[in-house]
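In what follows, a single structure is set out as structure tokens and then discussed.
For the numbers below, each heavy atom of this structure counts, side chains included, while hydrogens, waters and symmetry mates do not. Just so you know, these numbers come straight off a predicted model, no measurement behind them. Labels below follow one simple rule: chain letters A, B, ... track the order of the sequence lines, proteins then strands, and each chain is numbered from 1.
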Number of protein chains: 2
Amino acid sequence: MSFDEVIARSKAACEALSDEDDGLKREVLAHAGNRWSLGIVYALAVSGTLRHAELARRLDGVTQRMLTRSLRQLERDGLIVRRDHQEVPPRVDYTLTALGRGLLAGMMPLGTWVIDNATSFRSARDRFDGHDSRDKR
Amino acid sequence: MSFDEVIARSKAACEALSDEDDGLKREVLAHAGNRWSLGIVYALAVSGTLRHAELARRLDGVTQRMLTRSLRQLERDGLIVRRDHQEVPPRVDYTLTALGRGLLAGMMPLGTWVIDNATSFRSARDRFDGHDSRDKR
DNA sequence: CAGCATCCCGTTTGATACTG
DNA sequence: CAGTATCAAACGGGATGCTG
């Protein structure tokens with residue numbers, strides 16, 4: 001696809017992201033940049049249904065607090081479903097919704113682009129941070 | 001594409017975003033969710049080269065401070081080029097790089113997905129926020 | 001014109017400890 | 001086991017005023 005086509009198709013997207021009812025669309029986009037959201041979605045996409053502790057084991061370095069918060073956010077936007085089995089001891093599991101699977105599919109091109117150009121970002125930063133000496137990252 | 005294929009292709013992306021040198025890739029992804037980044041990239045994609053004040057006019061509601069900050073971030077990651085003409089009065093303009101055009105292209109699928117499903121997010125939120133009354137954000 | 005300084009607020013992320 | 005409470009740091013975002 002030519003870049004002109006990209007621009008034309010981006011028009012609706014970029015305008016919708018500025019007009020905006022309230023910023024909901026940008027908040028959904030922000031899931032992409034959030035620390036754990038994408039990892040959670042991916043883990044659920046692979047495994048189908050997971051409990052809190054199982055997710056914690058798969059996401060290296062996540063704390064209970066952040067896992068809970070991230071799950072709430074994803075649930076709020078309809079990307080995952082939280083099912084509380086009302087048992088003792090507690091038993092809660094999470095499943096990806098169709099919407100959540102859509103996020104993963106939509107993220108893919110951007111994700112692979114980021115990976116493909118990782119070295120470009122790295123060198124751009126090194127150049128930038130090198131120019132004025134202080135304040136690295 | 002089947003969802004199994006999506007998962008398979010997402011594998012590299014999601015793993016690269018967790019291992020991580022330092023989080024650079026996630027920071028680049030975060031540009032998508034940032035308040036002004038995408039709007040700046042789009043404006044430059046359409047117009048080619050713009051000055052600070054011209055960008056400010058195109059981005060409704062942006063303050064000079066946030067515009068400057070956002071431009072710096074994009075410049076740091078190599079998505080735009082800042083050119084200072086060293087004149088009096090000051091004259092500085094910004095241009096999208098090939099990397100920046102790539103961001104827009106990579107963002108497109110995700111952007112259109114968000115728009116297509118905006119009503120789903122809306123209703124999911126209303127349902128969620130309705131359940132436990134407090135904290136409507 | 002471009003953008004820096006200052007002060008401000010809310011959110012994200014986090015470590016640690018505690019509860020039903 | 002799943003989740004909350006508390007405390008703290010860093011960051012995004014903004015309003016206002018000043019400078020070369």
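- For the atom pair Arg26(A) CZ and Arg35(B) CZ, the distance stands at 4.0 Å (nearest 0.5 Å).
- The CD1 atom of Ile80(A) sits 10.0 Å away from atom CD of Gln73(A), with the distance rounded to the nearest 0.5 Å.
- Between Arg69(B) and dG14(D) there is no side-chain polar atom (N or O) within less than 4.0 angstrom of OP1 or OP2.
- Across all non-hydrogen atoms, the minimal contact from His31(A) to Ser37(A) is O-CB, 3.3 Å.
- Between dC8(C) and Arg65(B), no contact under 4.0 Å exists linking OP1 or OP2 to a side-chain N or O.
- Annotation: of the two residues near DNA chain D, Ser70(B) and Gln64(B), the 5′-most nearest-nucleotide partner is Ser70(B).
- Between the P atom of dG10(C) and the CD atom of Gln73(A) lies a distance of 18 Å, rounded to the nearest Å.
- Here the side chain of Pro89(A) is nearest to one of dC1(D), dG20(D), dA2(D), namely dC1(D).
- Whole-Å rounding puts the Met66(B) CE to dC8(C) P distance at 18 Å.
- Placement of Leu104(B) and Val81(B) in two distinct hydrophobic clusters is found when ILVMFWY residues are connected by side-chain heavy-atom separations under 4.5 Å, directly or transitively.
- Cluster membership for Ile115(A) and Leu99(B), using ILVMFWY side-chain heavy atoms within less than 4.5 angstrom, is not shared.
- Between the CZ atom of Arg91(A) and the P atom of dG3(D) there is a distance of 13 Å, rounded to whole Å.
- Remark: side-chain polar atoms of Asn34(A) are not paired, donor with acceptor, to backbone N or O of Trp36(A) under 3.5 angstrom.
- Across the helix from dC1(C)-dG20(D) to dG20(C)-dC1(D), the helix axis at one end is tilted relative to the axis at the other end by 40° (nearest 10 degrees, each axis from five pairs).
- The side chain of His52(A) sits closest to dA2(D) out of dA2(D), dC4(C), dC1(C).
- The only option from Arg82(B), Arg83(B), His52(B) that meets the side chain to side chain contact (heavy atoms under 4.5 Å, CB included) definition with Asp93(B) turns out to be Arg83(B).
- Connection of Val88(A) to Val92(A) is not established within any shared hydrophobic cluster, with ILVMFWY side chains joined at heavy-atom distances below 4.5 Å, either directly or through further cluster members.
- Asp84(A) has its CG atom 12 Å from the C1' atom of dG20(C), to the nearest Å.
- Computed from coordinates, the Gln86(A) CD to dG3(D) P distance equals 11 Å when rounded to whole Å.
- Every residue was checked against the salt bridge (Lys or Arg N to Asp or Glu O under 4.0 Å) condition with Arg72(B), not counting sequence neighbours, and none meets it.
- Near DNA chain C, meaning a heavy atom under 4.0 Å from it, residues 29-39 of chain A has Asn34(A), Arg35(A), Trp36(A) in order of number.
- Backbone-only contact: Arg51(A) has heavy atoms under 4.0 Å from sugar-phosphate atoms and none from a base.
- If you take CG of Leu71(A) and P of dT4(D), they are 11 Å apart, rounded to a whole angstrom.
- One interatomic measurement links the two molecules: CD of Glu27(B) to C1' of dT13(C), which rounds to 13 Å at whole-angstrom precision.
- Nucleotide dC1(D) holds its P atom 16 Å from the CZ atom of Arg82(A), rounded to whole Å.
- To the nearest 0.5 Å, atoms CD (Glu54(A)) and CG (Leu59(A)) are separated by 12.0 Å.
- Set against dG3(C), dC1(D), dA15(D), the side chain of Tyr94(B) has dG3(C) as its closest nucleotide.
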